[in-house]
There are 2 protein chains.
Amino acid sequence: MLHEDVVAHLRDKLIDGVLPPGSRVPEKELCAELGVSRTPLREALKVLASEGYIVLLPNRGARVAKMTARNMEELFEVCGGMEALAGELACHYATDAEIAEIKALHDRMAEFYEARNLAGYYPLNRAIHEAIVRATHNSVLMNLYENVSARIRRARFVVPMPPDHWRLAMAEHEAILNALQRRDAIMLSSILKTHLRNKSEQVERAGFAESDETPVPAATARKTPAGKTPAKKPPAKKNQPAKSEMERIP
Amino acid sequence: MLHEDVVAHLRDKLIDGVLPPGSRVPEKELCAELGVSRTPLREALKVLASEGYIVLLPNRGARVAKMTARNMEELFEVCGGMEALAGELACHYATDAEIAEIKALHDRMAEFYEARNLAGYYPLNRAIHEAIVRATHNSVLMNLYENVSARIRRARFVVPMPPDHWRLAMAEHEAILNALQRRDAIMLSSILKTHLRNKSEQVERAGFAESDETPVPAATARKTPAGKTPAKKPPAKKNQPAKSEMERIP
DNA sequence: AATGGCAATTTTGAATGCAAAATGGTTCAT
DNA sequence: ATGAACCATTTTGCATTCAAAATTGCCATT
């Protein structure tokens, strides 16, 4: 299964930001790196484009999809809707065992919160949300959620976590678990949507100005940016919507 | 843009049921039919697989995704969640012009309802739902909705429309328009979810038992577009190799 | 020096070719 | 007769090749 491997590998690279938003996707170098020919690689690019990670420009190759503030907003809106739906469905369809499992995850996460261990907290937070989605027993929703949440995850490197936000998030998680245990669909749905909106606002406040205009030129091993030594651009473009670089999509 | 053409063409074929669920996707014949080589066709298959229309079996080619009752249920659940979200967002983001446009569509649809013209009614019904989603100004949601609703549309050939169901649907649409005009997000969201659930139940009642086990074989040029009247189960086995085709998905 | 045009190179998109796997049919042993 | 094993054919997956488009570099002209 070479094809799926290539898709998975590239998707991870895109989620992890190894290939920076706005940059070109260098077919040749990726072929060399993965040890495959262009055929399976191009197939993978088509798939990743349909998943929203990259954009295909006819006769001009692929570029990594940018993360604009608006785009993140959209993703959060959709993700919030999905989580709300997941909560509602989970209240109907989750088994007691699944709810117990989620409680276990929650308790472990709470311990990390008490210890103020963010690195331990994050994975469990994610695991809980994924477990809720799984508990819907709705594979269509699982797939779409995986896509949307992964696209959001691309932005995770810019989120700080102020103490009061963290406290609020933890309180919301208490309410989430509580509503799920009572199988209160309306309540769980509502809390999850609020939870996501808070996260969205927090991310928005953290700001995307920088990723809006990465002047990143070409490619993979960018030891030395060949193009135009962007080094000192940041202050200049702050207020401008900055379509300067990437918007060459005529 | 040859690649996109191939994807679009095949997707239409899949939505329209020209390639029946469960059947093999004959690469060679589609190449001949579309006048392209296998390379762009296979790229298209990968994309369609990621969109959920077909299933790729390693070293065994592609098969058209089946529509089981459970799968339809899942799609309707997700679609309902999306429409509810769309209604909510549309109340916030729609322009007055967009709402006016939706009202215009609604009024035209109402006329077809009065005339009991189902063929005229359906496209407008769909146009209204799409317009609501567009009015969210959320392109992520638009893309996902397009995918989910198209996958549901594959099942449309089995839905009858009893008079009282139609009356109920029309009443719901009145309420939808009303809530949207008042920008009552909660209400609109709720009505849309109910509206979809009703449609889902109606479709479920119509039944999918048949498509759960379509003995349909290879399927290249199906002149008879998969009418819901196979009616000839006995001879079906005779005409086709039958078993060697379908159930080899271990 | 800056701009415009032209040729060389690179990159993209699709067709073809080739090895491995699966499928189908036949033969042969039980 | 059943079915296990073998070989021929088809199909699949990927690599390679080829033509067209875009990008780049160079030079001439202003």
Side-chain angles (χ1 to χ4, degrees), chain A residues 1-10 19 22-50 54-64 215-222 224-229 245-250, chain B residues 1-10 19 22-50 54-64 217-220 237-250:
Chain A
M1 250 184 287
L2 189 41
H3 162 73
E4 270 306 320
D5 291 342
V6 174
V7 172
H9 186 104
L10 288 182
L19 299 174
S23 69
R24 278 184 68 166
V25 179
E27 280 190 14
K28 237 178 164 181
E29 289 156 42
L30 290 174
C31 286
E33 187 182 327
L34 301 184
V36 300
S37 79
R38 284 179 56 223
T39 306
L41 187 111
R42 299 185 88 255
E43 288 174 354
L45 293 184
K46 301 283 190 297
V47 170
L48 293 169
S50 94
I54 65 180
V55 178
L56 265 29
L57 296 321
N59 289 320
R60 282 202 218 163
R63 304 188 83 97
V64 180
V216 182
T220 303
R222 351 200 311 274
T224 323
K228 46 174 183 179
T229 315
E245 233 289 308
M246 306 312 162
E247 302 304 331
R248 293 303 189 72
I249 314 174
Chain B
M1 244 188 291
L2 187 41
H3 161 72
E4 270 305 321
D5 292 342
V6 174
V7 173
H9 185 102
L10 289 183
L19 299 174
S23 69
R24 257 183 96 173
V25 179
E27 280 190 16
K28 232 178 167 182
E29 288 153 46
L30 290 174
C31 285
E33 186 181 327
L34 301 184
V36 300
S37 77
R38 283 179 55 220
T39 306
L41 188 111
R42 299 186 88 255
E43 288 174 354
L45 293 184
K46 301 283 189 298
V47 170
L48 293 169
S50 93
I54 64 180
V55 177
L56 263 31
L57 297 89
N59 289 321
R60 282 200 216 163
R63 307 190 82 96
V64 180
T220 303
K237 287 238 170 179
K238 189 201 68 171
N239 290 346
Q240 312 297 346
K243 199 56 174 188
S244 54
E245 277 284 356
M246 303 304 301
E247 308 303 335
R248 290 303 186 76
I249 314 175

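Convention: sequence-line order gives letters A, B, ...; per-chain numbering from 1. The analysis underlying the following values was restricted to heavy atoms, covering all of them including side chains, and did not include hydrogens, waters or symmetry mates. Since the model is a prediction, treat every value here as computed from it, not as a measurement.
Atom pair B:Glu27:CD and D:dG13:C1' shows a separation of 9 Å (rounding to whole Å applied). The distance from atom CG of B:Leu57 to atom P of D:dG13 is 9 Å, rounded to the nearest whole Å. When the C1' atom of C:dA14 is taken as reference, atom CG of B:Leu30 falls 17 Å away, rounded to whole Å. Rounded to a whole Å, the CG atom of A:Asp5 is 14 Å from the C1' atom of D:dC14. Rounding to whole angstrom units, CG of residue B:Leu45 and P of D:dT12 are separated by 9 Å. Atom NE2 in A:His3 sits roughly 12 Å away from atom C1' in D:dC14 (whole-Å rounding).
Listed by residue number, A:Arg38, A:Arg42 are the residues of residues 34-43 of chain A with a heavy-atom contact under 4.0 Å to DNA chain C.
Interatomic distance, A:Thr39 OG1 to A:His3 NE2, rounded to the nearest 0.5 Å: 12.5 Å.
Contact check, A:Arg24 against C:dT10: no side-chain N or O comes under 4.0 Å of OP1 or OP2. An OP1 or OP2 oxygen of C:dT11 is reached within less than 4.0 angstrom by no side-chain nitrogen or oxygen of A:Arg60. Close to C:dT11, at under 4.0 Å from its OP1 or OP2, lies a side-chain N or O of A:Lys28.
The backbone N or O of A:Ser23 lies less than 3.5 Å from no partner atom in the side chain of A:Arg63, so there is not a single donor-acceptor pair.
Side-chain contact between A:Lys46 and B:Lys46: absent, with no pair of heavy atoms (C-beta onward) separated by less than 4.5 Å.
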Would you check, one step at a time, whether the test side chain to side chain contact (heavy atoms under 4.5 Å, CB included) holds for A:Val47 with B:Glu43? CA-CA 8 Å; A:Val47 170; B:Glu43 288 174 354; over 6 Å; no
Could you give me the CA-CA distance, side-chain angles and deciding distance for A:Ile54 and A:Leu10, then say whether side chain to side chain contact (heavy atoms under 4.5 Å, CB included) is met? CA-CA 10 Å; A:Ile54 65 180; A:Leu10 288 182; over 6 Å; no
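For the residue pair A:Leu56 and A:Ala62, the shortest heavy atom distance occurs at CD1-CB, 3.7 Å.
Place B:Gly61 and A:Asn59 on DNA chain D by their nearest nucleotides, and B:Gly61 ends up nearer the 5' end.
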